[in-house]
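Worksheet for the structure shown next.
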There are 2 protein chains.
Amino acid sequence: MRDVLDRIGDKWSLLVVGTLRAERLRFTELQRHIPGISQRMLTLTLRQLERDGLITRTVHAEVPPRVEYELTPLGGTLVELAMALADWAIQNHPRIEASRDAYDAAHAR
Amino acid sequence: MRDVLDRIGDKWSLLVVGTLRAERLRFTELQRHIPGISQRMLTLTLRQLERDGLITRTVHAEVPPRVEYELTPLGGTLVELAMALADWAIQNHPRIEASRDAYDAAHAR
DNA sequence: CCGGATCCCACGCGATACTG
DNA sequence: CAGTATCGCGTGGGATCCGG
């Protein structure tokens, strides 16, 4: 459980698998789809996900080189869960915001 | 989404709400149920969860003081999602482990 | 185009000590 | 019992430069 949380709980992993949900993408395309991610973090995140068997990395022997990433079936199942989480987040975000405001108002001193 | 991930992705929050899933508990009881958590982190985590409206904190005016924490309905819905995630983790952990071993073996140099 | 290697700092978190 | 206060470090991650 900790293992899985460490994977999906970090700053970028979910964003990456979410982006790969629909389409197979190249490194630079991923970078464009995920604003704010640095080259370094994209590389590291992709390596982790590949190591865990959630995505595959295919290098095409061409010049210039082309590397494509796509979800594995295992990664696909995780994405579905993530989407459920996203739904929950969207549905309940207003409630959470309201609760925070109330809390902050009550504890303002 | 980031908001929610920050909440459940941190080191202790899920452990705390998971522990509160079945029963209302006091501070010290929580501490006993979650090995390794420090007083400080338990306090901070509880404050965050309370602020977000996922748990409630009730102080009983007694000596010695008694403070009890329990899940709100909102917190309950989150726990259900978390349990789905836990199921996924348990089911797929062997696969992930295997993938890691294979990856490490292939990249050992 | 797709990264690897370094440098560096903010901050998450643990350890410890103190209090109403 | 249920916290708060303070210190110190480990490390996640951004910026930057280099290389096949």
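Closest contact between the side chain of P65(B) and the listed nucleotides dG3(D), dG20(C), dG14(C) involves dG20(C). Checking dA15(D), dG3(C), dG3(D) against the side-chain heavy atoms of R47(A) singles out dG3(C) as nearest. The nucleotide whose nearest atom lies closest to any side-chain atom of T28(B) is, among dC17(D), dG14(C), dA2(D), dA2(D). Residue S38(A) has its side chain nearest to dG14(D) when only dG3(C), dG14(D), dA2(D) are considered. Closest to the side chain of R26(A), out of dC1(C), dC17(D), dC1(D), is dC1(C). If you check dG13(D), dG3(D), dG3(C) against the side chain of T43(A), the one that comes closest is dG3(C).
With respect to the salt-bridge test (charged N to carboxylate O, under 4.0 angstrom), the residues E68(B) and R24(B) qualify. Ion pairing between a basic and an acidic side chain is recognised when a charged N comes within 4.0 Å of a carboxylate O; R95(B) and D52(A) show no such pairing. Under 4.0 Å is where a charged nitrogen must lie from a carboxylate oxygen, and between E97(B) and R100(B) at least one such pair does.
A distance of 5.5 Å separates CG in L44(B) from CE in M41(B), rounded to the nearest 0.5 Å.
A close approach under 4.0 Å does not occur between any side-chain nitrogen or oxygen of R66(B) and OP1 or OP2 of dG3(D).
Computed from coordinates, the Q31(A) CD to dG3(C) P distance equals 10 Å when rounded to whole Å. Whole-Å rounding puts the K11(A) NZ to dC11(C) C1' distance at 12 Å. Atom-to-atom, CG of L15(B) to P of dC13(C) comes out at 12 Å; the value is rounded to the nearest Å. Between the C1' atom of dA2(D) and the OH atom of Y69(B) lies a distance of 7 Å, rounded to the nearest Å. In this structure, the CG atom of L42(A) is 13 Å from the P atom of dG13(D), given to the nearest Å. For M41(A) and dT11(D), the CE to C1' distance is 11 Å, given to the nearest whole Å. To the nearest angstrom, P of dC1(C) lies 13 Å from CD of E62(A). Straight-line distance from the CG atom of L25(A) to the C1' atom of dC1(C): 15 Å, rounded to whole Å.
For the side-chain contact (heavy atoms from CB on, under 4.5 Å) criterion with V16(B), the lone passing option out of L71(B), L46(B), L54(B) is L46(B).
Take the nearest nucleotide of DNA chain C for R40(A) and for I37(B): the residue whose nucleotide is more 5' is R40(A).
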